[in-house]
Amino acid sequence: MFSPTEELDRIAAGGAMKREALDWRGFPRWIRYVGYIAFAFFVIVPLMAWLWNVLLE
């Protein structure tokens, strides 16, 4: 299947993007932990704000 960005990927990166490039296990442990904490923060904080807003109405 042709992707509109496939040619740009080939030019810029030397080929189409591979799924292995997004593998979290390749990062050092401390970077993974920072990523997990940031992801949890961006998921939990809006959820808590929404719950706070719903419960106080």
Side-chain angles (χ1 to χ4, degrees):
M1 184 167 169
F2 178 73
S3 169
T5 60
E6 187 175 358
E7 186 64 27
L8 291 174
D9 288 341
R10 206 173 293 133
I11 292 169
M17 192 167 97
K18 297 177 180 67
R19 285 190 163 256
E20 294 84 29
L22 300 175
D23 187 15
W24 276 92
R25 291 173 287 186
F27 287 102
R29 187 176 293 154
W30 69 272
I31 292 179
R32 284 185 293 175
Y33 290 156
V34 168
Y36 295 147
I37 291 169
F39 181 75
F41 179 78
F42 287 116
V43 170
I44 292 173
V45 167
L47 182 62
M48 293 295 289
W50 177 76
L51 283 173
W52 185 281
N53 192 19
V54 168
L55 292 175
L56 290 180
E57 283 186 353

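- Note that CD1 of I44 and CD1 of I37 are 10.5 Å apart. Values are rounded to the nearest 0.5 Å.
- Cluster membership for F27 and W30, using ILVMFWY side-chain heavy atoms within less than 4.5 angstrom, is shared.
- Two different hydrophobic clusters hold Y36 and F42 under the rule that ILVMFWY side chains link at heavy-atom gaps under 4.5 Å.
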